[in-house]
Number of protein chains: 2
Amino acid sequence: MATSRPRQRAYHHGDLQAALLRAAGRMLEKRGLARLSLRQAAGGIGVSHNAPYRHFPDRDSLLAALAAQGFAALGSAMQEAAASGGLRAMGAAYVRFALRRPQRFRLMFGSAVPSARHAALRENATRVFERLVQALAPQLPGPAGRDASLAAWALVHGLSQLLLDERIAAAALRGRDRDTLVSAVLESIRFAAAKAQTPP
Amino acid sequence: MATSRPRQRAYHHGDLQAALLRAAGRMLEKRGLARLSLRQAAGGIGVSHNAPYRHFPDRDSLLAALAAQGFAALGSAMQEAAASGGLRAMGAAYVRFALRRPQRFRLMFGSAVPSARHAALRENATRVFERLVQALAPQLPGPAGRDASLAAWALVHGLSQLLLDERIAAAALRGRDRDTLVSAVLESIRFAAAKAQTPP
DNA sequence: CCTTGATGTTGCCATTGTCTACATTCGATG
DNA sequence: CATCGAATGTAGACAATGGCAACATCAAGG
């Protein structure tokens, strides 16, 4: 009808949930979790401060959705890397994901959104965990192998966290690029339960 | 003097800074970083909502002080463990610290308080990092040894983080207690650059 | 075409961090 | 011992947030 809102969008956004997740994801990475504001995200998209609550019961639920998306992306990255480069490539993909999206990575593994209360998050996280264990099982069989699997996972997870600290990263690089560093660190380890590993 | 505030303390608290850090440390561990409120901490101690700002420029500075204290405690725990039990005991102490104070541990290594802006935090963190590297250097010499040192640190750091997740911890324990699990995982690893290690 | 549910808007409340101005006390100095 | 200044409190206000209730608008289905 003729009564117009000059340069305003239609009353119905059409895909507000996805737009909120994109905006919140960018804000998370740029400003950190504490300064992620639903009001600002909504304002940036051009809807009112309360519109997000039509798509997410509360702020924590939106954060849980961001974390679930993160696990989906991490799972994909690891799977692609494993298909072409094996276990070490898979580990390197894990670290690369963390370094590329540090705040998302922290959200995924932090305590801000307990997965016990968010089913989709729990499912996506569990899927990644199970794929990891399945990928390692042939190389690290038996109960000692399961401990070694946890060690392998701990190694790449911890490396991700430590390299997010710029001082630690700077001290470790010693003129190498990050991919070279990650490979060198991953190759410095042998697992007591391991079958002989193909070199990279 | 006789004009009394029944059951109220004197106008000057006397050690408000330390009291705030204790109260905030408890609130951090109990409710998480997002729900740590300086107003509530002040109220619980019996001072006004603005009194904390006489001791800390802002909320982030108090959090930085909490993180700095955490690094001091972690350093002490690791040093004591190393003195009596060597490198593996030191690694186990690191994991134990994280599991005992998960929110503090996350604060210490998270992005909420950048250590670039908080000198005491930077110093305490650096001291722990340097001690760790010094402890590992005799066992893991040379440039490959430094990569292996980072791997060793990543291993215990990652293990700490992963075991904070109750599902991961539950799946990994398989009837063992946590100390046994941690020992088994740490022992499942060999370092390519290592001298022969004394068994535990 | 009407009704209903989905999805927006508006206004309000409680709480927070932090600012300014003022009040009180303690310690140092003369 | 008295005074002064700094340290350390209190009181009030502001801007921002998350989230609630009530109302408004639109799209889809019968």
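Any value given below was found using the heavy atoms of this structure, including those in side chains, with hydrogens, waters and symmetry copies removed. Chain letters run A, B, ... following the sequence lines, proteins first, then strands; residues in each count from 1.
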Between N or O atoms, less than 3.5 Å apart, protein on one side and nucleotides 14-17 of chain D on the other: list the pairs.
unit_1: dT17(D); atom_1: OP1; unit_2: S37(A); atom_2: OG; d: 3.2
unit_1: dT17(D); atom_1: OP1; unit_2: Q40(A); atom_2: NE2; d: 2.8

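- With dG17(C), dG9(D), dG8(C) as the choices, the nucleotide that has an atom nearest any side-chain atom of V47(B) turns out to be dG9(D).
- Contacts of G43(B) with the nucleic acid, taken as non-hydrogen atoms under 4.0 Å apart, are absent.
- The side-chain contact (heavy atoms from CB on, under 4.5 Å) test with V95(B) singles out one residue from V156(B), L155(B), L164(B), and that residue is V156(B).
- Of the charged side-chain nitrogens involved, none lies within less than 4.0 Å of a carboxylate oxygen, so that D15(B) and R22(B) do not count as a salt-bridged pair.
- Using a 4.0 Å cut-off between charged side-chain N and carboxylate O, D58(B) and R117(B) make no salt bridge.
- In this structure, I45(B) places its CD1 atom 11 Å from P of dT10(D), rounding to the nearest Å.
- R122(B) has no carboxylate O lying under 4.0 Å from a charged side-chain N of D165(A), or vice versa, which leaves the two without a salt bridge.
- For dC26(D), the OP1/OP2 oxygens have no side-chain nitrogen or oxygen of H13(A) closer than 4.0 Å.
- If you check dT25(D), dG17(C), dG19(D) against the side chain of Y11(A), the one that comes closest is dT25(D).
- Phosphate contact (OP1/OP2 of dG8(C), side-chain N/O of H49(A), threshold under 4.0 Å): absent.
- Checking dC12(C), dA13(D), dT10(D) against every side-chain atom of S48(B), the shortest atom distance belongs to dT10(D).
- In this structure, L16(B) places its CG atom 15 Å from P of dC26(C), rounding to the nearest Å.
- Which of dT25(D), dT9(C), dT18(C) sits closest to the side chain of R54(A) comes down to dT9(C).
- On a pure distance criterion of 3.5 Å, a polar donor-acceptor pair joins the side chain of N50(B) and the base of dT20(C).
- Note on ring orientation: taking the six-membered ring where Trp is involved, the planes of F109(B) and Y94(B) are tilted (angle from 30° to 60°).
- The aromatic rings of F105(A) and H157(A) sit tilted, their planes meeting at an angle between 30° and 60°.
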